[in-house]
Chemist: 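Just passing along the structure, written as structure tokens.
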Amino acid sequence: GDRVRAVFQPNGGGTAALNTGFAAARGAIVMFLDSDDALRSDAVARVVDLWRDDVTNVQFRLATIDAEGRPLGGAIPNIRAGRTAEEVRSEALRSGLYPIAPTSGNAYAKSFLERLLPLSTARFPYGPDGPINAVAPLYGDVLTIGEPLGFYRIHGHNFYAQKAIRPEMFAGYVSQDFRRV
């Protein structure tokens, strides 16, 4: 309806799009949806029902689909059922890593994002969810919904999820994780 406002800009990569979207955001909870992904009709309501003041991020799984939208039978990330915010924080403090949902599988507190954004497009040209999710447990609780509330399209041009192993992409993975950490 009239509560949804489209914001357009020239293609400058994922981080530039995220920065532009955040600058236009007006609500207390912010969700970013990649152009090739989709949400279930109840995703926003499920996030809002779980939300509390001390939450920085609610993440949820995404069912994998192919380029035409057909189910591939999987879901990402691989998260253990019953995972608590304390366990997420402990994993993040111990290793700097924990299983995180891709961009479209997250809802963030606007007050948390205001402390981080805009992200540098030079330092993080793509994968802006990585540095944001890496520090989310340090600012509040990260809650996890174990069932898929959206759809992650695997079409062969994804940065992380590949239809087949592409060795030339490994250097990019390592470089991006190095910047994130």
Side-chain angles (χ1 to χ4, degrees), residues 1-7 14-15 17-65 69-94 96-119 127-154 158 160-161 180:
D2 61 353
R3 295 181 354 176
V4 175
R5 191 167 36 107
V7 178
T15 301
L18 184 134
N19 287 338
T20 298
F22 180 71
R26 300 291 178 253
I29 301 171
V30 179
M31 297 173 75
F32 302 102
L33 183 62
D34 285 346
S35 63
D36 53 354
D37 296 339
L39 294 177
R40 281 187 1 198
S41 61
D42 65 338
V44 173
R46 293 285 308 277
V47 166
V48 170
D49 286 346
L50 194 60
W51 203 269
R52 11 177 253 262
D53 288 341
D54 60 347
V55 169
T56 54
N57 179 13
V58 171
Q59 66 170 351
F60 48 88
R61 299 180 77 205
L62 300 169
T64 54
I65 56 176
R70 295 179 297 241
L72 293 173
I76 57 172
N78 187 13
I79 301 172
R80 180 182 48 77
R83 189 164 163 241
T84 67
E86 293 77 23
E87 289 171 323
V88 169
R89 187 174 295 105
S90 176
E91 290 172 40
L93 289 171
R94 183 179 64 253
L97 303 169
Y98 63 97
I100 62 171
T103 304
S104 299
N106 291 278
Y108 301 102
K110 185 175 185 190
S111 58
F112 161 63
L113 292 177
E114 286 170 337
R115 301 178 78 162
L116 303 176
L117 300 181
L119 284 177
D129 54 330
I132 293 170
N133 290 335
V135 299
L138 308 178
Y139 289 89
D141 284 352
V142 173
L143 306 180
T144 303
I145 297 173
E147 68 182 278
L149 296 183
F151 305 94
Y152 183 82
R153 193 175 310 271
I154 298 177
N158 309 78
Y160 284 104
R180 177 175 60 88

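Nothing here was measured: the structure is a model prediction, and the numbers come from that model.
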Chemist: Give me the atom names and distance for the closest heavy-atom approach of P77 to P102.
Modeler: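 Between these two residues, the closest heavy atoms are CD-CD, 4.4 Å.
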
Chemist: To the nearest 0.5 Å, what is the distance between CD1 (I154) and CG (D36)?
Modeler: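 The CG atom of D36 is 10.0 Å from CD1 of I154, to the nearest 0.5 Å.
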
Chemist: Are the side chains of Y98 and T144 in contact, using a 4.5 Å heavy-atom criterion?
Modeler: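 In short, these two side chains do not touch, never coming nearer than 4.5 Å.
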
Chemist: Between T56 and L113, does a side-chain contact (heavy atoms from CB on, under 4.5 Å) hold up when you go through it step by step?
Modeler: CA-CA 8 Å; T56 54; L113 292 177; over 6 Å; no

Chemist: Is the closest side-chain heavy-atom distance between T84 and R89 below 4.5 Å?
Modeler: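 Answer no - side chains too far apart.
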
Chemist: Is there a side-chain contact between L39 and F60 (heavy atoms, below 4.5 Å)?
Modeler: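 Answer yes - side chains close enough.
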
Chemist: Could you pull out the closest heavy-atom pair between G69 and R153, with the gap in Å?
Modeler: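 Here G69 and R153 meet closest at N-NH1, 3.2 Å.
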
Chemist: Is there side-chain contact between L18 and L117, with heavy atoms separated by less than 4.5 Å?
Modeler: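 Yes, close enough: below the 4.5 Å cut-off.
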
Chemist: Please lay out, stage by stage, how I132 and L119 fare under the test side-chain contact (heavy atoms from CB on, under 4.5 Å).
Modeler: CA-CA 9 Å; I132 293 170; L119 284 177; 4.1 Å; yes

Chemist: List the atom of A136, the atom of N57, and the distance in Å for their closest heavy-atom pair.
Modeler: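 It is CB-CB, 4.2 Å.
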
Chemist: Please report the shortest heavy-atom distance between E87 and G82, naming the atom on each side.
Modeler: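 Reported closest heavy-atom pair: OE1-O, 3.9 Å.
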
Chemist: Can a side-chain donor-acceptor contact be found between Y108 and D129 if the only test is distance below 3.5 angstrom?
Modeler: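 Checked: D129/Y108 side chains show no N/O donor-acceptor pair below 3.5 Å.
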
Chemist: Output all residues satisfying ring pair (Phe, Tyr, Trp, His ring centres under 6.0 Å) with F112, sequence neighbours left out; order by chain, then residue number.
Modeler: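 For F112, the residues satisfying ring pair (Phe, Tyr, Trp, His ring centres under 6.0 Å) (neighbours in sequence not counted) are Y139.
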
Chemist: Search all heavy atoms of A85 against all heavy atoms of L143 and return the closest pair with its distance.
Modeler: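 For A85 versus L143, the nearest heavy atoms are CB-CD2, 4.1 Å.
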
Chemist: I'd like to know whether CG of D53 has more than 12 heavy-atom contacts from other residues, nucleotides or ligands below 6.0 angstrom.
Modeler: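 12 or below, so no.
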
Chemist: So how far is it from I79 CD1 to E147 CD, rounded to the nearest 0.5 Å?
Modeler: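 The CD atom of E147 is 12.0 Å from CD1 of I79, to the nearest 0.5 Å.
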
Chemist: What distance separates R40 CZ from L149 CG, expressed to the nearest 0.5 Å?
Modeler: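 Atom-to-atom, R40:CZ and L149:CG are 5.0 Å apart.
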
Chemist: More than 12 heavy atoms of other residues, nucleotides or ligands under 6.0 Å from CG of D49: is that the case?
Modeler: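 Check passes, neighbour count above 12.
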
Chemist: Quick one: salt bridge (Lys or Arg N to Asp or Glu O under 4.0 Å) partners of R5, sequence neighbours excluded?
Modeler: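 Counting only residues at least two positions away or on another chain, R5 forms no salt bridge (Lys or Arg N to Asp or Glu O under 4.0 Å).
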
Chemist: CG/N19 to CZ/F32 distance, rounded to the nearest 0.5 angstrom?
Modeler: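 Going from CG on N19 over to CZ on F32, the span is 8.0 Å.
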
Chemist: Out of curiosity, D37 CG to Y152 OH, how far, rounded to the nearest 0.5 Å?
Modeler: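 It is 6.5 Å, given to the nearest 0.5 Å.
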
Chemist: To the nearest 0.5 Å, what is the distance between CD1 (I29) and NZ (K110)?
Modeler: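 It is 12.5 Å, given to the nearest 0.5 Å.
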
Chemist: Of the non-hydrogen atoms in G130 and I100, which two are nearest, and what is the gap between them?
Modeler: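 Of all heavy-atom pairs spanning G130 and I100, the closest is CA-CD1, 4.3 Å.
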
Chemist: Please identify each residue that fulfils salt bridge (Lys or Arg N to Asp or Glu O under 4.0 Å) with D34, with sequence neighbours left out.
Modeler: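 Per chain and number, D34 pairs via salt bridge (Lys or Arg N to Asp or Glu O under 4.0 Å) with no residue.
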
Chemist: Assess whether atom CZ of R115 is packed by more than 12 heavy atoms of other residues, nucleotides or ligands within 6.0 Å.
Modeler: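 No, not enclosed.
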
Chemist: Would you say P99 and E91 make side-chain contact, with heavy atoms under 4.5 Å?
Modeler: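 Touching, per the 4.5 Å side-chain cut-off.
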
Chemist: Taking R26 for its side chain and A24 for its backbone only, find out whether a donor-acceptor pair lies under 3.5 Å.
Modeler: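 Indeed, once roles are kept as given, a pair shorter than 3.5 Å links the two residues.
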
